[in-house]
Amino acid sequence: MSACLDCGACCATFRVSFYWAEAADGGGGVPVNLTEKVDSFHRCMRGTWSAAPRCAALQGEVGRKVGCTIYPQRPSPCHQVEEGSAQCQRARRQHGLLPLPERLPA
Ligand code: SF4
Ligand code: SF4
């Protein structure tokens, strides 16, 4: 089972920004009301550009049980964070969670 289901740390650590057209009004799938404008070309997930980031689409409690309410429509950066990657471990560390076992190269 994925460690992500009881984690969610990366959704509450980084600014999740992407090209604006990934949002619904640009033809993409991300609901516009869950985004905020970064600049003319970029948006981010609402809540991830604050001092204590937390994505507006994240439900549940970080480190216990979480879910992404827009999982099938989540923006591209969310597809890129890999479980056990350096970014993942950094996020987990920030939330006081134990590191995941390192992934060995295939
Ligand atoms: S920090 Fe790592 S384990 Fe936690 S949700 Fe993100 S990718 Fe999954
Ligand atoms: S859209 Fe979903 S996967 Fe992406 S940061 Fe928000 S809660 Fe996490």
Side-chain angles (χ1 to χ4, degrees):
M1 196 179 76
S2 168
C4 300
L5 296 174
D6 53 16
C7 179
C10 56
C11 310
T13 300
F14 307 112
R15 189 180 79 184
V16 180
S17 57
F18 45 88
Y19 185 58
W20 73 273
E22 288 192 43
D25 58 348
V30 184
V32 176
N33 67 331
L34 288 178
T35 71
E36 57 187 294
K37 184 176 174 177
V38 173
D39 59 32
S40 307
F41 298 104
H42 298 93
R43 294 225 180 111
C44 67
M45 290 307 296
R46 187 157 54 76
T48 65
W49 197 9
S50 62
R54 183 182 162 113
C55 179
L58 184 69
Q59 66 177 14
E61 190 182 338
V62 172
R64 293 187 75 87
K65 191 174 189 301
V66 291
C68 172
T69 56
I70 59 160
Y71 193 76
Q73 289 92 34
R74 67 200 190 286
S76 53
C78 306
H79 294 257
Q80 287 158 14
V81 183
E82 283 186 35
E83 209 178 309
S85 65
Q87 200 178 12
C88 160
Q89 306 287 28
R90 200 175 121 210
R92 288 180 63 89
R93 199 163 50 242
Q94 281 203 24
H95 287 268
L97 301 171
L98 290 173
L100 295 179
E102 264 183 51
R103 287 228 162 147
L104 297 173

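Nothing here was measured: the structure is a model prediction, and the numbers come from that model. No hydrogens, no waters, no symmetry mates; every other heavy atom, side chains included, goes into these values. Counting starts at 1 for both ligands and their atoms, following the listed order.
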Seminar exercise, completed: Near C4 (heavy-atom distance under 4.0 Å), the atoms of ligand 1 are 3 (S), 5 (S), 7 (S), 8 (Fe)

Seminar exercise, completed: The complete set of side-chain hydrogen bond (donor to acceptor under 3.5 Å, both in side chains) pairs with one or both residues in residues 46-72, sequence neighbours excluded, reads Y71-R74

Exercise. With sequence neighbours left out, which residue pairs that include part of residues 88-97 fulfil the side-chain hydrogen bond (donor to acceptor under 3.5 Å, both in side chains) condition?
Worked result: T13-H95

Problem set entry | Non-neighbouring partners of A21 that pass side chain to side chain contact (heavy atoms under 4.5 Å, CB included), sequence neighbours left out | Y19

For this session: Find out whether W20 and T35 are in side-chain contact, i.e. whether some heavy atom of one side chain is under 4.5 Å from a heavy atom of the other.
Result: no

Exercise. Out of A91, S2, C88, who gets a non-hydrogen atom closest to atom 3 (S) of ligand 1?
Worked result: C88

Problem set entry | atom 8 (Fe) of ligand 2 neighbourhood, protein N/O/S only, threshold under 2.8 Å | C11 SG

For this session: Among all protein heavy atoms, pick out the one at the shortest distance from atom 4 (Fe) of ligand 1; state its residue, atom name and that distance to 0.1 Å.
Result: C7 SG, 2.3 Å

Exercise. Any side-chain heavy atom of C11 within less than 4.5 Å of one from V66?
Worked result: no

Exercise. Is the closest side-chain heavy-atom distance between Q73 and L34 below 4.5 Å?
Worked result: no

For this session: Spell out, as yes or no, whether a donor-acceptor pair under 3.5 Å connects the side chain of E36 to the backbone of G47.
Result: yes

